[in-house]
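Small disclaimer: the values here were computed from a predicted structure and weren't measured.
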There are 2 protein chains.
Amino acid sequence: MPNQARPGTGEQARQLALGQLREAILRGEMAPAQRLVENELAEQFGVTRASIRAALIELESQGLVERIRNRGSRVRVVTVEEAVAITECRLVLEGLCAAKAAAAVTDAQVTELEDLGTAMRKAVADGEPLTYSELNHELHARIREFSGQATAVELLERLNAQLVRHRFQLALRPGRPQQSLNEHLAMIETIAARDPQAVEAAVRAHLTSVIEALRD
Amino acid sequence: MPNQARPGTGEQARQLALGQLREAILRGEMAPAQRLVENELAEQFGVTRASIRAALIELESQGLVERIRNRGSRVRVVTVEEAVAITECRLVLEGLCAAKAAAAVTDAQVTELEDLGTAMRKAVADGEPLTYSELNHELHARIREFSGQATAVELLERLNAQLVRHRFQLALRPGRPQQSLNEHLAMIETIAARDPQAVEAAVRAHLTSVIEALRD
DNA sequence: CCAAACAAGATTGTCAACAATTTTGTTCGC
DNA sequence: GCGAACAAAATTGTTGACAATCTTGTTTGG
């Protein structure tokens with residue numbers, strides 16, 4: 001069964017189309033509100049229209065594309081208000097995950113988080129906002145992962161996918177990384193201290209600050 | 001354009017299949033873990049297989065159906081552990097909604113909630129657990145609605161759909177409605193008092209109690 | 001008698017053509 | 001010139017047939 005061994009080889013057309021299209025949207029290659037014509041996409045990715053359709057339906061229910069009956073699909077544009085509302089949901093869900101993680105992390109996992117913290121400090125000191133943004137994303141992902149809360153992780157990944165564009169804009173804002181850094185370090189410290197309530201507070205403080213930054 | 005006017009008439013095949021299948025699962029007509037063969041469903045609902053496939057893909061990403069490559073679809077069974085994890089997510093998200101609702105409700109909306117509370121009291125006094133369960137669901141839905149938090153509402157509705165079976169079991173447990181009632185009345189009171197923090201605490205207390213009840 | 005290879009049946013995945021709908025450009029009447 | 005009716009092009013929705021895959025029951029060799 002050489003199927004699920006190498007993704008890309010045994011991968012079926014729909015899965016492939018879904019993955020490629022999703023990546024393209026997340027990379028920002030598709031302009032916001034760009035029309036997604038099924039025929040063009042089918043040719044572009046070398047699959048049939050049926051596969052593209054299936055992928056579009058799935059991406060719609062993930063909130064990445066918008067579909068209107070008989071009118072086609074577009075890349076969904078997330079307004080600032082929506083981004084705020086989404087981040088409010090992130091705030092409570094990541095708070096939940098972080099609290100659970102604080103109660104469950106191993107010493108090795110704490111070390112991993114602290115290493116990430118060190119790398120983030122360096123990225124800010126070196127003035128590399130994109131590296132920092134990358135590490136930022138990674139830190140949040142790890143904390144989610146350590147929580148063991150599969151349902152919340154799934155919801156959060158869905159929400160995060162909708163915020164790619166706003167994340168980019170935020171990362172490149174001067175002064176933003178410095179403030180963000182302190183909040184992240186506080187999250188790491190409180191997890192290292194295994195203090196669920198303090199972590200939840202730290203996560204909430206961090207994302208409240210993100211919400212304020214989004215509204216400019 | 002007599003299209004979106006009457007749903008059911010101008011409704012397209014895929015939408016129709018999605019609605020029917022979703023309703024059937026939510027009503028519990030499909031046994032848990034039951035196989036969902038595309039051909040059978042297509043004949044049953046009088047649509048083509050392609051429409052059924054599209055519906056199944058959508059239901060999968062809503063967590064109601066499980067699909068395995070080349071092996072078909074089944075009604076997803078939610079274990080007790082998963083139900084607990086889902087309820088934990090509900091806890092934080094409904095807490096968010098309730099807090100927002102407390103800050104935004106009109107007097108008319110408060111009256112509506114209080115009327116629901118009265119009806120719930122009556123249902124418990126009359127010993128009608130199913131009516132109570134119905135009102136319970138309605139109360140939660142209204143509070144969500146009043147929050148104006150579209151993103152959270154969407155997530156919560158997705159989560160709630162996965163819990164239908166457990167909700168039923170819980171409603172019929174002797175003594176459960178009485179305890180639940182007090183918690184619900186507390187939620188209504190704190191919203192009426194426009195106290196966001198108190199509401200959030202009340203919602204959390206309520207759903208913590210639900211989690212305890214789930215674990216029996 | 002048991003295990004592995006094999007073959008038949010069932011089911012899902014994919015494809016290309018057709019039908020229905022919407023959008024856009026054009027013409028006609030005022 | 002302007003607006004409404006109309007026609008053509010583009011695009012999505014649907015259909016049935018075909019290919020790939022998996023499951024199940026049978027056979028064969030040990």
**Report entry** B/E154 bridged to A/R158 by N-O distance under 4.0 Å
**Finding:** no

Query raised in the report: So, is A/R67 near the phosphate of D/dG13, with a side-chain N or O under 4.0 Å from OP1 or OP2?
Result: yes

Query raised in the report: What integer distance in Å separates A/R74:CZ from C/dT23:P?
Result: 10 Å

Requested in this report: Output yes when at least one side-chain N/O atom of A/R71 is less than 4.0 Å from OP1 or OP2 of C/dT24, else no.
Outcome: no

Query raised in the report: Rounding to a whole Å, what distance do you find between A/I57:CD1 and D/dT12:P?
Result: 12 Å

Query raised in the report: When you measure from the side chain of A/A13, which nucleotide among D/dG13, C/dT14, C/dG13 comes out closest?
Result: C/dT14

Query raised in the report: For A/L36, which contact category applies under a 4.0 Å heavy-atom criterion: base, sugar-phosphate, or nothing?
Result: sugar-phosphate

Query - Closest non-hydrogen atom pair between A/R173 and A/A213, with its separation - result: NH1-O, 2.6 Å

For residues 87-103 of chain B, which side-chain N or O atoms pair as donor and acceptor with protein atoms under 3.5 Å away, sequence neighbours left out?
residue: B/T87; atom: OG1; partner: B/A83; partner atom: O; Å: 2.7
residue: B/E88; atom: OE1; partner: A/K100; partner atom: NZ; Å: 3.1
residue: B/E88; atom: OE1; partner: A/Q149; partner atom: NE2; Å: 2.9
residue: B/E88; atom: OE2; partner: A/K100; partner atom: NZ; Å: 2.9
residue: B/R90; atom: NE; partner: B/E94; partner atom: OE2; Å: 3.2
residue: B/R90; atom: NE; partner: B/N160; partner atom: OD1; Å: 3.4
residue: B/R90; atom: NH2; partner: B/E94; partner atom: OE2; Å: 3.1
residue: B/E94; atom: OE1; partner: B/H140; partner atom: ND1; Å: 2.7
residue: B/K100; atom: NZ; partner: A/E88; partner atom: OE1; Å: 3.1
residue: B/K100; atom: NZ; partner: A/E88; partner atom: OE2; Å: 2.9

Query raised in the report: Between atom CD in B/E38 and atom C1' in D/dT15, what is the gap in whole Å?
Result: 15 Å

Report task. May I ask you to test the B/R194-B/V110 pair for a side-chain heavy-atom distance under 4.5 Å? Result -> yes

Query raised in the report: For DNA chain D, which residues in residues 46-55 of chain B have a heavy atom at a distance below 4.0 Å?
Result: B/T48, B/A50

Report summary line: Separation of C/dT23 atom C1' from A/N70 atom CG, nearest Å, is 12 Å

Query raised in the report: Just how far, in rounded Å, is C1' of C/dT22 from CZ of A/R69?
Result: 12 Å

Report summary line: A/E58 CD to C/dG13 P, in whole Å, measures 12 Å

Query - Interatomic distance, B/I68 CD1 vs D/dC22 P [rounded to whole Å] - result: 12 Å

Query raised in the report: So among A/E82, A/E60, A/E66, which one has a salt bridge (charged side-chain N to carboxylate O under 4.0 Å, His left out) with A/R76?
Result: A/E82

Report task. Any chance you could measure A/I52, atom CD1, to A/E43, atom CD, to the nearest 0.5 Å? Result -> 11.0 Å

Query raised in the report: Are any non-hydrogen side-chain atoms of B/I57 and B/R67 less than 4.5 angstrom apart?
Result: yes

Query raised in the report: Once you round it to whole Å, what is the distance between P of D/dT15 and CG of B/N39?
Result: 14 Å

